[in-house]
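Basis for what follows: all heavy atoms, side chains included, without hydrogens, waters or symmetry-related copies.
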Amino acid sequence: MTQLATFRRDGERPLLLDLFSCAGGAAMGYARAGFTVHGCDIAHRPNYPFPQHHGDALAYLAALIASGEIKRYAFVHASPPCQHGCALTVGTNASQGWGRSHVDLVAPTRDLLDATGLPYAIEQPNGRAKIRKDLTLCGEMFGLGVIRHRNFELGGWSTEQPAHVPHRGRVRGYRHGRFYDGPYVAAYGNGGGKPTVPELQAALGIDWTDVREELTEAIPPAYSEHIGLAFRASCTALEVAA
C-alpha cells in the first residue's frame, strides 16, 4: 500500500500535525498545499490561523502515539527549539529526560517522530542543531524580501534540492555603524535599520499576525507550501508506479 493510499483524511484534505507551531508560518504554507492543519505550541498563540492544542509538543505527540490518534495524520512538521537559556516546561520534559540547561529538543523530537511511522519534516535555522540537511530553502528561491535560510530533515520520504538562487544584494540595515541598502529586510531583532511590521509582513508573505516576535520567528509560508506540494507529488508518483 502506498503512502497516498494510507492517508487519513478530513474530507478530501490529508491531516497534518504542526508541532512547535508558533503563529503559523509553516501551517499556512501546508494549508495552501492542500492539507488540513492542526497545531501544537506551549505558548498561547491567538493569531494561529488553524485549530491549535495549547501544551507541550513532545508530551502531546507522545500521547497521540500512545492513544493511536496519531494514525489520523498523514504528515508531521516540527520546528523544535534549539537555543541556549530557554525555559523548558517543568515536569513533563524533565520526567521524560527531554530537558537540560541548554535546550535542544531536536533529538527527542526525531525519536518520537520515528516512532509515529509517519513521514515528517524537521526544520532548523543554520547552526542551531545537528540535523540532516535534506533540503535547504531560501527566500530568494520564492522571490521574497527575506533571505532566511532554513534546513529541513525529511523522514520517510525525499525530494530534490532546488538550486540555490544567487542573492540580489545585501540585507538592509546597519553593519558596524554604517547603513547598507538592499532588496532584503532583516527579519530579526529590533533597531539597526530593522523593518517595520508591515515591511516584515510583506517580505515574509504573512498577513494574519502583526506581532513582531511572531514574525521574526516564522518561516515563510512559501517554504512549507513547497514542501507540502513536493510530498504530495512524491505520493502521487508512488501511486502511479504501483
- Query: Does any non-hydrogen side-chain atom of L113 lie less than 4.5 Å from one of Y120?
  - Reply: yes
Discussion item. A side-chain contact here means heavy atoms from C-beta on lying under 4.5 Å apart; do H167 and P183 qualify?
Written reply: no
| Would you say the side chain of F152 lies within less than 4.5 Å of the side chain of T159, judging by non-hydrogen atoms? | no
dist I122:CD1 -> I131:CD1 (nearest 0.5 Å) comes out at 7.0 Å
Connected via hydrophobic side-chain network under 4.5 Å: M141 and M28: yes
Heavy atoms of L15 and R72 approach each other most closely as CD1-O, 3.5 Å
Between the CG atom in L215 and the CG atom in N47, the distance rounded to the nearest 0.5 Å is 9.0 Å
query = Is atom OH of Y174 surrounded by more than 12 heavy atoms (other residues, nucleotides or ligands) closer than 6.0 Å?
reply = no
message: With heavy-atom distances below 4.5 Å as the criterion, would you say the side chains of E123 and N151 are in contact?
response: no
With hydrophobic residues grouped by side-chain heavy-atom distances under 4.5 Å, do Y60 and I65 end up in a single group? yes
| message | Strictly distance-based, threshold 3.5 Å: is any side-chain N or O of W157 a donor or acceptor partner for the main-chain N or O of F231? | response | no
Between the OG atom in S234 and the CG atom in L154, the distance rounded to the nearest 0.5 Å is 9.5 Å
Would you check, one step at a time, whether the test salt bridge (Lys or Arg N to Asp or Glu O under 4.0 Å) holds for E199 with R172?
-> CA-CA 12 Å; E199 286 177 322; R172 192 187 79 201; 3.0 Å; yes
Check your understanding: Got I227 and L137 here, is their nearest side-chain heavy-atom distance under 4.5 Å?
Key -> yes
Review point. Run the side-chain contact (heavy atoms from CB on, under 4.5 Å) check on R175 and R170 step by step: do they pass?
Key: CA-CA 11 Å; R175 301 291 183 277; R170 299 188 67 113; 4.0 Å; yes
Practice prompt. Following the transitive rule for hydrophobic clusters with a side-chain heavy-atom cut-off under 4.5 Å over Ile, Leu, Val, Met, Phe, Trp and Tyr, establish whether L144 and V171 coincide in one cluster.
Written response: no
field: Hydrophobic cluster identity match, L204 and V197, side-chain contacts under 4.5 Å
entry: yes
Smallest heavy-atom separation, F50 atom then A31 atom, equals CZ-CB, 3.5 Å
When every non-hydrogen atom of R148 is compared with those of P220, the smallest separation belongs to CD-CD, 4.0 Å
Original post:
Would you call the rings of F142 and H226 parallel, tilted or perpendicular, where under 30° means parallel and over 60° means perpendicular?
Top reply: perpendicular
Between L58 and F20, is a side-chain contact (heavy atoms from CB on, under 4.5 Å) present by the stated rule, with each step listed? CA-CA 9 Å; L58 293 185; F20 310 96; 4.0 Å; yes
Do I147 and I206 share a hydrophobic cluster, counting only Ile, Leu, Val, Met, Phe, Trp and Tyr and linking them when any side-chain heavy atoms are less than 4.5 Å apart? no
>> Contact between R150 and T136 at the side-chain level, heavy atoms closer than 4.5 Å - yes or no?
In response: no
Taken to the nearest 0.5 Å, the spacing of D18 CG from S224 OG works out to 8.0 Å
Close aromatic pair by centroid cut-off 6.0 Å: Y73 and H38: yes
Scanning both residues in full, the closest heavy-atom pair of S21 with Q52 reads OG-NE2, 2.7 Å
Distance col, row N126:CG vs K133:NZ, nearest 0.5 angstrom, shows 5.0 Å
| query | Is the charged tip of R13 near the ring of F35: under 6.0 Å from the six-membered ring centre and within 45° of its axis? | reply | no
For P195 and R212, the nearest pair of non-hydrogen atoms, with its separation, is O-NH2, 2.7 Å
key: N/O donor-acceptor pair under 3.5 Å between T216 side chain and Y188 backbone   = no
Donor-acceptor under 3.5 Å (D41 side chain, C22 main chain):
yes
What verdict does the side-chain contact (heavy atoms from CB on, under 4.5 Å) test give for L16 and V76, after you've listed the backbone C-alpha separation in whole Å, the side-chain angles of each residue and the deciding distance to 0.1 Å?
CA-CA 6 Å; L16 183 143; V76 185; over 6 Å; no
Under 3.5 Å, is there a donor on one side chain and an acceptor on the other for E140 and Y184? yes
In terms of heavy-atom contacts, G25 and A218 come closest through CA-CB, 4.4 Å
Side-chain touch F75/Y30, heavy atoms, less than 4.5 angstrom: yes
R110 vs R132, test: side-chain contact (heavy atoms from CB on, under 4.5 Å). Steps then yes/no. CA-CA 11 Å; R110 181 190 294 113; R132 194 176 61 245; 5.8 Å; no
Review point. Can you check salt bridge (Lys or Arg N to Asp or Glu O under 4.0 Å) on E213 and R45, steps first, answer last?
Key: CA-CA 11 Å; E213 177 262 340; R45 302 288 185 179; 3.3 Å; yes
Quick one: are H77 and L17 in side-chain contact, heavy atoms under 4.5 Å? no
